[in-house]
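The block underneath contains the structure these notes are about, expressed in structure tokens.
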Amino acid sequence: QVQLLESGGGSVQAGGSLKLSCAVSIDTYRGNYIGWFRLAPGKEREGVAAIITGSGRTFYADSMEGRFTISEDKARNTVYLQMNSLKPEDTAVYYCASAGSQTLDWYARRFDPNRYIYWGQGTQVTVSS
């Protein structure tokens, strides 16, 4: 069983920064496929960034690289999403999710929400202009 717990959301003005955390409770942390997604009102769930835990390999959805940085603390079993230069259109509920540890088609579907099995409860990020 995998449990994911996000934290770090809040309200910030445009141009500001936030760092989200995702605490991953799992038997074996290394080698899991963890993604950050967001869901804005009236829009579909959107992939932001992903990481293969313990490997240092990171991936970004189109247009997300540059302002968003995914990282991890292996000692704490925690994945982070650093968000800089935030814009009002970044307002959304941000979720971390696990696709498990089976590679299969993950590379081709790394930003497909349906590829992910376990989800956290989400954390709200609100960016005001």
Just grab all the side chain to side chain donor-acceptor pair (under 3.5 Å) pairs involving residues 51-60, residues at least two apart or on different chains. Arg57-Tyr107
Determine which pairs satisfy disulfide bond (SG atoms under 2.5 Å apart) with at least one residue from residues 99-129, sequence neighbours left out, and list them in order. none
Check side-chain hydrogen bond (donor to acceptor under 3.5 Å, both in side chains) between Tyr95 and all other residues, then give those that pass, not counting sequence neighbours. none
Using 0.5 Å steps for rounding, measure from the CZ atom of Arg110 to the CG atom of Asp105. 11.5 Å
For residues 17-29, run the donor-acceptor check on the side chains, cut-off 3.5 Å, and write out each pair with its distance to 0.1 Å, sequence neighbours left out.
{"residue": "Ser17", "atom": "OG", "partner": "Asn84", "partner atom": "OD1", "Å": "3.0"}
{"residue": "Tyr29", "atom": "OH", "partner": "Glu72", "partner atom": "OE1", "Å": "2.6"}

Pairing residues for Thr126 by the side-chain hydrogen bond (donor to acceptor under 3.5 Å, both in side chains) criterion, not counting sequence neighbours: Gln124
Identify the two heavy atoms, one from Met83 and one from Leu86, that lie closest to each other, and give their separation to 0.1 Å. CB-CD2, 3.8 Å
Can you sort out the partners of Asp112 under salt bridge (charged side-chain N to carboxylate O under 4.0 Å, His left out), two or more places apart, ordered by chain and number? Arg109
Return the set of residues passing side-chain hydrogen bond (donor to acceptor under 3.5 Å, both in side chains) with Glu89 (not counting sequence neighbours), or none when no residue passes. none
Could you tell me which non-hydrogen atom of Ser98 sits nearest to which non-hydrogen atom of Val2, and how far apart they are? CB-CG1, 4.2 Å
ILVMFWY cluster, Val93 and Tyr116 together (side-chain gap under 4.5 Å): yes
When hydrophobic residues are tied together by side-chain contacts of less than 4.5 Å, even through go-betweens, does Ile70 share a cluster with Leu4? yes
Treat each ILVMFWY residue as a node, draw an edge where side-chain heavy atoms are under 4.5 Å apart, and state whether Met64 and Trp106 are in one component. no
Which residues pass the side-chain hydrogen bond (donor to acceptor under 3.5 Å, both in side chains) test with Ser101, not counting sequence neighbours? none
What pairs with Ile117 under side chain to side chain contact (heavy atoms under 4.5 Å, CB included), at least two apart in sequence or on another chain? none
What distance do Cys96 atom SG and Tyr118 atom OH have between them, rounded to the nearest 0.5 Å? 14.0 Å
The remaining residues in the hydrophobic cluster of Tyr80, counting side-chain heavy-atom contacts under 4.5 Å among Ile, Leu, Val, Met, Phe, Trp and Tyr, are none
Contacts of Gln121 that satisfy side chain to side chain contact (heavy atoms under 4.5 Å, CB included) - sequence neighbours left out: Leu5, Glu6
Side chains of residues 37-52: which donor-acceptor partners sit under 3.5 Å, not counting sequence neighbours?
{"residue": "Arg38", "atom": "NE", "partner": "Glu46", "partner atom": "OE1", "Å": "2.8"}
{"residue": "Arg38", "atom": "NH1", "partner": "Asp90", "partner atom": "OD1", "Å": "2.9"}
{"residue": "Arg38", "atom": "NH1", "partner": "Tyr94", "partner atom": "OH", "Å": "3.0"}
{"residue": "Arg38", "atom": "NH2", "partner": "Glu46", "partner atom": "OE1", "Å": "3.3"}

What closest approach, in Å, do Trp119 and Pro113 show between heavy atoms, and which atom pair accounts for it? CZ2-O, 3.5 Å
So, taking the atom named CD in Gln13 and the one named OG in Ser129, what distance separates them when rounded to the nearest 0.5 Å? 9.0 Å
Indicate yes or no: at least one non-hydrogen side-chain atom of Tyr33 is less than 4.5 angstrom from one of Thr103. yes
Heavy-atom pair of closest approach, residues Pro88 and Ser128: CG-C, 4.5 Å
